[in-house]
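The structure under discussion appears below in the form of structure tokens.
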Amino acid sequence: MATAQVLFQRFFYMASLKEFGIVEIGMGALFLAAKLEECSVRMTHLITVYDLLIRKMKGQPINIPLDAFSQKAYNMKNMASTAEMQILRKLGFIVHVQLPYNLMINYLRILGLEDDEVISRKAWNYLNDGLRTNIYVTYEPPTIACAAIWLACREEGVKLPCQIGKEWWLLFDVDFVNVKNAAAHIRRLYYKKLDRANLPLYKVT
């Protein structure tokens, strides 16, 4: 899921929402991410779920599943395959995604917080919430991992080493200014109502 979201965001840093719809690129990103993470997803299952979600969003009946041999199913399969190729083309086939989850766990271990279930859970949740922002395509994974840890520790009142010259973030070779900026993007989710953009469901041209 996280890999698909990062690919989705990367794509729209390179392409216009006027030319590509979020549904088709979403399908393509999820299908490609499943391959990258070696977690295979059958195309039939993918389009069936997407069709159900689209119908539910439009208030249409969802009790009858998509006919896998219908023209609609064929069109959706073609849409997903085309979207996958568009993502590969726009990103120049550079689709490796490093996520900060494993880094965050290792960093907690180094800081002696691995056994603190509250800090670990909150930091993990902050990483998940970060997927709703653009930090995964604007900051390096170590910075994002440190931002999640810093937010969790601040919330729980846990002090991290800050002796001059021995600051905790130096252990992970990150810039604390970037850590604070990434953390601010995450925290903004809780204080600012996000307006739903009027984005196209399908490609316009």
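Please read all numbers here as calculations on a predicted model, not as lab measurements.
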Inset, instruction - Take Asn128 and Tyr101 through the side-chain hydrogen bond (donor to acceptor under 3.5 Å, both in side chains) test and state the conclusion after the steps. - result: CA-CA 9 Å; Asn128 288 337; Tyr101 292 90; 2.6 Å; yes
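- At least one side-chain heavy atom of Ser120 sits under 4.5 Å from a side-chain heavy atom of Leu108.
- Judged purely by distance below 3.5 Å, without hydrogens or angles, the side chains of Tyr190 and Asp129 pair a donor atom with an acceptor atom.
- Atoms CD and OG1, on Glu37 and Thr3 in that order, are 3.5 Å from each other to the nearest 0.5 Å.
- The nearest pair of heavy atoms linking Tyr136 to Leu131 is CE1-N, 3.6 Å.
- The cluster map of Ile, Leu, Val, Met, Phe, Trp and Tyr, joined by side-chain heavy atoms under 4.5 Å apart, puts Val49 and Ile54 in different clusters.
- Counted within 6.0 Å of CZ on Arg109, heavy atoms from surrounding residues, nucleotides or ligands total more than 12; the atom is thus considered enclosed.
- In the hydrophobic cluster analysis, where Ile, Leu, Val, Met, Phe, Trp and Tyr join through side-chain heavy atoms closer than 4.5 angstrom, Phe93 is grouped together with Met14.
- The side chain to side chain contact (heavy atoms under 4.5 Å, CB included) test with Glu156 is passed by exactly one of Ile119, Leu151, Asp116: Ile119.
- Side-chain contact between Met76 and Leu66 is present, with heavy atoms from C-beta onward closer than 4.5 Å.
- Taking the side chain as every heavy atom from C-beta outward, Thr44 and Thr48 approach each other to under 4.5 Å.
- In this structure, Gln60 places its CD atom where more than 12 heavy-atom neighbours from other residues, nucleotides or ligands lie under 6.0 Å away.
- Contact annotation: the side chain of Thr143 never approaches that of Asp175 to less than 4.5 Å [non-hydrogen atoms, C-beta and beyond].
- Among all heavy-atom pairs drawn from Ala123 and Ala152, the shortest one is N-CB, 3.7 Å.
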Inset, instruction - I would like to know whether Leu46 and Met43 meet side chain to side chain contact (heavy atoms under 4.5 Å, CB included); could you show each step before the answer? - result: CA-CA 5 Å; Leu46 178 68; Met43 178 67 81; 4.2 Å; yes
Inset, instruction - Determine, step by step, whether Thr138 and Tyr13 satisfy the side chain to side chain contact (heavy atoms under 4.5 Å, CB included) criterion, reporting the C-alpha distance in whole Å, the side-chain angles of both residues, the deciding distance to 0.1 Å, and the verdict. - result: CA-CA 10 Å; Thr138 54; Tyr13 265 77; 3.6 Å; yes
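- The two atoms that bring Ile22 and Phe8 nearest to each other are O-CE1, 3.6 Å, heavy atoms only.
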Inset, instruction - Verify side chain to side chain contact (heavy atoms under 4.5 Å, CB included) between Glu24 and Gln86, making sure each step is shown before the conclusion. - result: CA-CA 10 Å; Glu24 62 189 83; Gln86 288 287 357; over 6 Å; no
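- One hydrophobic cluster, built from ILVMFWY side chains closer than 4.5 Å, holds both Tyr139 and Phe12.
- For the atom pair Leu160 CG and Leu171 CG, the distance stands at 10.5 Å (nearest 0.5 Å).
- In this structure Phe11 satisfies the ring pair (Phe, Tyr, Trp, His ring centres under 6.0 Å) test together with Phe20, sequence neighbours excluded.
- The pair Lys72-Asp51 meets the salt-bridge criterion, since a charged nitrogen lies less than 4.0 angstrom from a carboxylate oxygen.
- Cluster annotation: Leu170 is connected to Ile149 through the hydrophobic network of ILVMFWY side chains, with a link wherever side-chain heavy atoms come within less than 4.5 Å.
- Two rings, from Phe176 and Trp150, have their centers less than 6.0 Å apart.
- Of all the heavy atoms in Ile94 and Arg10, the pair that sits closest is O-NH1, 3.9 Å.
- Inspection of the Arg187 and Tyr126 side chains reveals an N or O donor paired with an N or O acceptor under 3.5 Å.
- Following chains of ILVMFWY side-chain contacts shorter than 4.5 Å, one cannot reach Ile62 starting from Val23, and the two form parts of different hydrophobic clusters.
- A heavy-atom distance below 4.5 Å is found between the side chains of Tyr74 and Gln71.
- Here the side chain of Ser81 pairs no donor or acceptor atom with the backbone of Asn78 at under 3.5 angstrom.
- For Pro100 against Ala145, the heavy-atom pair with the smallest separation is O-CB, 3.8 Å.
- Residues meeting the salt bridge (Lys or Arg N to Asp or Glu O under 4.0 Å) test with Glu155, sequence neighbours left out: Lys122.
- The shortest distance between side-chain heavy atoms of Met57 and Leu53 does not fall below 4.5 Å.
- For the atom pair CD1 (Ile87) and CD (Glu84), the distance works out to 7.5 Å, reported to the nearest 0.5 Å.
- Here the straight-line distance linking atom CZ of Phe172 with atom SG of Cys146 works out to 5.5 Å at 0.5 Å rounding.
- At a threshold of 4.5 Å between non-hydrogen side-chain atoms, the residues Val97 and Val95 do not count as touching.
- Proximity of a side-chain donor or acceptor of Ser70 to a complementary backbone N or O of Asp67 within less than 3.5 Å is detected.
- Among all heavy-atom pairs drawn from Ile47 and Ala73, the shortest one is CD1-O, 3.6 Å.
- The closest side-chain heavy-atom distance from Ile25 to Leu7 is not below 4.5 Å.
- No donor-acceptor pair closer than 3.5 Å links the side chain of Glu114 to the backbone N or O of Gly112.
- More than 12 heavy atoms of other residues, nucleotides or ligands sit less than 6.0 Å from atom CD of Gln9.
- Rounded to the nearest 0.5 Å, atoms CD1 (Ile135) and CD (Glu140) are 12.5 Å apart.
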Inset, instruction - List the steps and the verdict of side chain to side chain contact (heavy atoms under 4.5 Å, CB included) for Leu113 and Cys153. - result: CA-CA 10 Å; Leu113 297 171; Cys153 289; 3.8 Å; yes
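- Interatomic distance, CG of Leu127 versus CD1 of Ile186, reported as 7.0 Å (0.5 Å rounding).
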